[in-house]
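What follows is a single structure, written as structure tokens, with notes after it.
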Amino acid sequence: MRDAAFAIHSTPPQILAMAERRKQFPFDEFEPKWQRHWEENKTFSVPNPGEADFDPSKPKYYVLDMFPYPSGAGLHVGHPEGYTATDIITRYKRMNGFNVLHPMGWDAFGLPAEQHAIKTGEHPRINTENNTNNFRRQLKSLGFAYDWDREVNTTDPAYVKWTQWIFLQLYHSYFCEEEQKAKPISELEAQGLSREEIDNRRLAYVAETPVNWSPDLGTVLANEEVEEWRAKGHTVERRPLRQWMLRITAYAQRLIDELDGLDWPTGIKLLQTNWIGRSEGASVKFQVSSARSEGLETENLNLETLEEVEVFTTRPDTLFGATYMVLAPEHPLVEQITTEEQKEAVAEYQKTCAGKSDLERTELAKEKSGVFTGGYAINPVNDEKIPVWIADYVMMSYGTGAIMAVPAHDERDHEFAEKFGIEIIEVVQAPEGTEEKCFTGNGTAVNSGFLNGLSTSEAKEKITTWLEEKGLGKKTINFKLRDWLFSRQRYWGEPFPIVWKEGNHEALPESELPVLAPELDDYKPTGTPEPLLSKATEWVDLGDGVKRETNTMPQWGGSCWYYLRYCDAQNPNAPIGKEAEEYWMGKNGNPGGVDLYIGGTEHAVLHLLYARFWHKVLFDLGHVSTPEPFQKLVNQGLIMGEDGQKMSKSRGNVVNPDDVVDLYGADSLRLYEMFMGPLEQVKPWSMKGVEGVFRFLARVWRLVMDTNQEGEWELRSKLAESEPNKSTNKVVHATIKKVGEDIESMSFNTAISQMMVCTNELTKLEEIPVSSVVTLLHLLNPFAPHLTEELNASLAEKFDSIPNEPLADQAWPEFDEDCLLEDEIEIVLQVNGKVRDKISVPAEASKEEVEEAALASERVQSFIDGLTVRKVIVVPGRLVNVVAN
RNA sequence: GCCGACAUGGCGGAAUCGGUAGACGCAACGGACUUAAAAUCCGUUGAGCUUUGCUCGUGUGGGUUCAAGUCCCACUGUCGGUACCA
């Protein structure tokens, strides 16, 4: 997936200079060696149900990384942060007897490859392949435990086929409101609906809509993408275009409700909920004069010439205070309503607005603007004539594109009314003590006829019922979420499996998938909204007036379902086989299939929302067995530059992982990324910090290895097959306990510090028990797999008690609670909450005994001398607090 | 403006349920080893003071409690998201 754009980098010389090349242990020899070992032995390949070697007795665990967009810049240090975390979990779960699925792949469609193709004339596939190879090399050099047999690439024809297949599932489905789920379109056909009626209900449909069009990129862009490309100097303008849309709004309610059962950060849940933006209110119908009905300007209304405008409001209780109405400048009724005198001003204003993007409209939002249309609306509650304005603070794309304006109780309306001298009528009395110029809270209805005296919530209810009875309105729920604009005019994306016949779209049969784009002579944009693929006239024209759809899908298409493909990556007959889907994605009593998903927050309302939508459609249609794709989500925090600023080429603070691996080895990079601080936190890079963990790994190495006279590495003479003593056992078992618990809670930094403590203890010993060392190597293995495997292999060669088997294939150590018990416990003695002394008592001492010992303390006595002891608080195993005055 | 997250030594951070604030690492300083340096090893390192010890100390101000980094109220600052959504 694309992340905040990172430019090409290599670590700047000043940072490299800090790290002179010192190899305290030969990581450059054993790291590639173990990587080769894992690759040749397919150590981390995991079989599917039904395959040889599949062990059904083991529980499954699916650990997923957000797959990268293989940019030309290569990995940056942010990638290995999340990847190391999932890798530790993977290795830990494997050692704990799970079948672990931990795959990697490439989100490889996208504009940068196409930009490269425009420049060089080279097919984007070649550039993509080069970049992918580089990314794969980099990831392998970090020793991640991926099952590379399951590698997927969204641009692979075998993958494109199933992305298109899923699009067709959307195309062939509609959303059944009663059952709140997707159902086959064939049901509507059976009901005898017309072609048009059916097309209007498909989950994938064609509509004319205003979009962000960039002439020099030659494509439309999602709202979220506009800023990024503008910053790179491209122009983006708004214009209406006919586009493919996906009906994600049908799922708005479920996308909110079903977040409930997910183990996601509350911030992300909130972000999605706000993005979907549910608001409850009422729609109200207003009669509006049209330009032809001069009558409205007088007292004599000519009802025959009235138009009807519907508005949405969350405050129907303020209807009596609606003193004007505003239509969005693009509202279709504006033309009919505008009077002859106002025509010129209105047209002028519309023109100004049309040239602005949403963004510009917002930037200029400080000052309200608008124009009176000359038309009037009738307030249905009191038959008052209210002026109709157009203003760009009303958006065509939300609600009905029209509002009733209540200047007394809405800040925007208030500002507007003040500027243009429109009447302001108070209809909600604020509670005592509230002094606001424009009260927007809940209060008591006043000046509101039959609503007077009611509380805001009662008034809302009463007016809504009243409107419904009169047929003037009804209770309505509105969502901010818009349907998903799903087509792009670029080349490097999946073509739609659609053809056009006599102005109608038609799906290609499954047998014709994948539909692949033809080679082009040049990849330059057409300069018009005509998609690039339209240049391939032979490919487009299928004869008999049948033409191919020339738009392509956005990058999000491939990333919406890649986690499913990993489960059954080679399946030629389906996107995912039933048995594989049920095993890896299947129910464990959880709504989500993937057990752990780690990635950045930048996809909170993009990929993570889109993927949930597709998954729900597939669930409704019976293709997957859980309603949600991702059970547990964790966001890793951004890694800042050494200067505390965001890493960027222009600041010269970018760190290239290749350089770090070169200087300190992959294990050091992995360990440092985990030792920096809590995974989810934003934190600055420090080359000195890398050196710190490098020194720790060197200490672990020297715990086992020593140089002989010839300067060769050999096992240390202090190692012995002896029984560890009590205190050694205590620290080792405490480490087993803490590291296990910390991995489970993803507190990797504290797990590492405990292993540092343990290493320091073992280093001090005159005779080092190999069993303790090997236990430490097990614990450290998920973090620093190369070093630990190498040391373990060396030990196994010499000592018979050590199994000659890679750590990755061994079980996670268990701790013995008895080893953690102490004979004597240190008790802190406080007087009035201040620490005054520390005593040692037997572990089994009773409360009374501890209290007695505490009061016997000379130091305590000296502090309570002359005072009366009021209370003695004994916290078993911890402290005694003597309260005296 | 709104929403969210965060605030602890010179720095990154630790502190499970309210119970010894500063684990672990970095940096700094002192020592050992060395002809010397690097590496390594050992030690010191929150601040202040009248230094066997005492006082202060987790953004600010208040509160609850025998006891507050942790809980409650109010505020300030930093970062992130979002923005005329009726």
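Chain identifiers are assigned alphabetically (A, B, ...) following the order of the sequence lines, protein sequences preceding nucleic acid strands; residue numbering begins at 1 within each chain. Below, all heavy atoms of this structure are taken into account, side chains as well, without hydrogens, waters or symmetry copies.
At B:A86, one or more side-chain N or O atoms of A:S279 fall inside 4.0 Å of OP1 or OP2 (strictly under the cut-off). Distances shorter than 4.0 Å separate none of the side-chain N or O atoms of A:R878 from OP1 or OP2 on B:A15. Not one side-chain nitrogen or oxygen of A:R836 sits closer than 4.0 Å to the OP1 or OP2 atom of B:A67. For B:G13, the OP1/OP2 oxygens have a side-chain nitrogen or oxygen of A:Q681 closer than 4.0 Å. Within the 4.0 Å cut-off from OP1 or OP2 of B:C41, at least one side-chain nitrogen or oxygen of A:R702 is found. OP1 or OP2 of B:G25 has at least one side-chain nitrogen or oxygen of A:N760 nearer than 4.0 Å. Remark: A:R859 is not in phosphate contact with B:G53, judged by side-chain N or O atoms under 4.0 Å from OP1 or OP2. The side chain of A:K683 contributes no N or O atom lying less than 4.0 Å from OP1 or OP2 of B:G12. Within the 4.0 Å cut-off from OP1 or OP2 of B:U40, at least one side-chain nitrogen or oxygen of A:Q24 is found. Taking only side-chain nitrogens and oxygens, A:K834 comes nearer than 4.0 Å to OP1 or OP2 of B:C56.
By the 30° and 60° cut-offs, the orientation of the rings of A:H409 relative to A:F439 is perpendicular. Between A:F27 and A:F25, the angle of the ring planes goes over 60°, which puts this pair in the perpendicular group of the 30/60° scheme.
What separates CD1 of A:I752 from P of B:A14 is a distance of 12 Å, to the nearest Å. When rounded to the nearest whole Å, the span between CD1 of A:I873 and P of B:C66 equals 7 Å. Per the geometry, CG belonging to A:L879 stands 11 Å off C1' belonging to B:G18, to the nearest Å. Straight-line distance from the CG atom of A:N832 to the C1' atom of B:U55: 16 Å, rounded to whole Å. Put simply, CG on A:N749 is 7 Å from P on B:A15, counting in whole angstrom units. With rounding to whole Å, A:L697 atom CG is found 17 Å from B:A39 atom P. Computed from coordinates, the A:W701 CH2 to B:U40 P distance equals 16 Å when rounded to whole Å. Across the protein-nucleic acid pair, A:F696 atom CZ and B:C24 atom C1' stand 10 Å apart, rounded to whole Å.
Under the Watson-Crick or G-U wobble criterion, with both distances below 3.5 Å, B:U58 has no partner in any strand shown. B:U52 is unpaired under the criterion used here, namely a Watson-Crick or G-U wobble arrangement in which both key atom distances are under 3.5 Å. With both pairing distances under 3.5 Å, B:A68 is matched to nothing as a Watson-Crick or G-U wobble pair. As the counterpart of B:C29, B:G43 is assigned, both hydrogen-bonding distances of the Watson-Crick or G-U wobble pattern falling under 3.5 Å.
Residue-level contact check: A:T314 touches the backbone only, with heavy atoms under 4.0 Å from sugar-phosphate atoms and none from bases. Among the heavy atoms of the strands, none lies under 4.0 Å from A:R278. Among the atoms of the strands shown, none is found under 4.0 Å from any heavy atom of A:E680. Using a 4.0 Å heavy-atom criterion, one finds that A:G692 contacts the sugar-phosphate atoms exclusively. Note on A:K838: a base of the nucleic acid sits closer than 4.0 angstrom, heavy atoms only. Residue contacts for A:F863: at a heavy-atom cut-off of 4.0 Å it reaches the sugar-phosphate backbone alone, with no base atom in range. When heavy atoms are screened at a 4.0 angstrom cut-off, A:V828 is found touching base atoms of the nucleic acid. Within the nucleic acid shown, A:V875 comes within 4.0 Å of at least one base atom, counting heavy atoms only.
With a glycosidic angle no more than 90° from 0, B:C17 adopts the syn conformation. With a glycosidic angle no further than 90° from 0, B:G9 counts as syn.
A:F748 CZ to A:F783 CZ: the interatomic distance, rounded to the nearest 0.5 Å, is 6.5 Å.
In the set B:A86, B:A14, B:G12, the nucleotide with an atom closest to the side chain of A:P684 is B:G12. Set against B:U20, B:A23, B:G81, the side chain of A:L271 has B:G81 as its closest nucleotide. Of the candidates B:C84, B:A86, B:C66, the closest approach to any side-chain atom of A:K368 belongs to B:C84. Nearest to the side chain of A:Q830, among B:A27, B:U20, B:A86, sits B:U20. Closest approach to the A:P678 side chain among B:A27, B:G13, B:G19 is made by B:G13 (side chain taken as heavy atoms from C-beta onward). Comparing B:C41, B:A86, B:G25 against the side chain of A:M756 picks out B:G25 as the nearest.
Checked against A:R315 for a side chain to side chain donor-acceptor pair (under 3.5 Å), the options A:T318, A:T313, A:D317 give a single hit: A:D317.
Both the sub-6.0 Å distance and the 45° axial angle are satisfied by A:K368 relative to the ring of A:Y393.
No hydrogens or angles were tested; on distance alone, nothing pairs the side chain of A:K688 with the base of B:C11 as donor and acceptor under 3.5 Å.
Within 6.0 Å of atom NZ in A:K474, 12 or fewer heavy atoms from other residues, nucleotides or ligands are found, so the atom counts as exposed in its surroundings.
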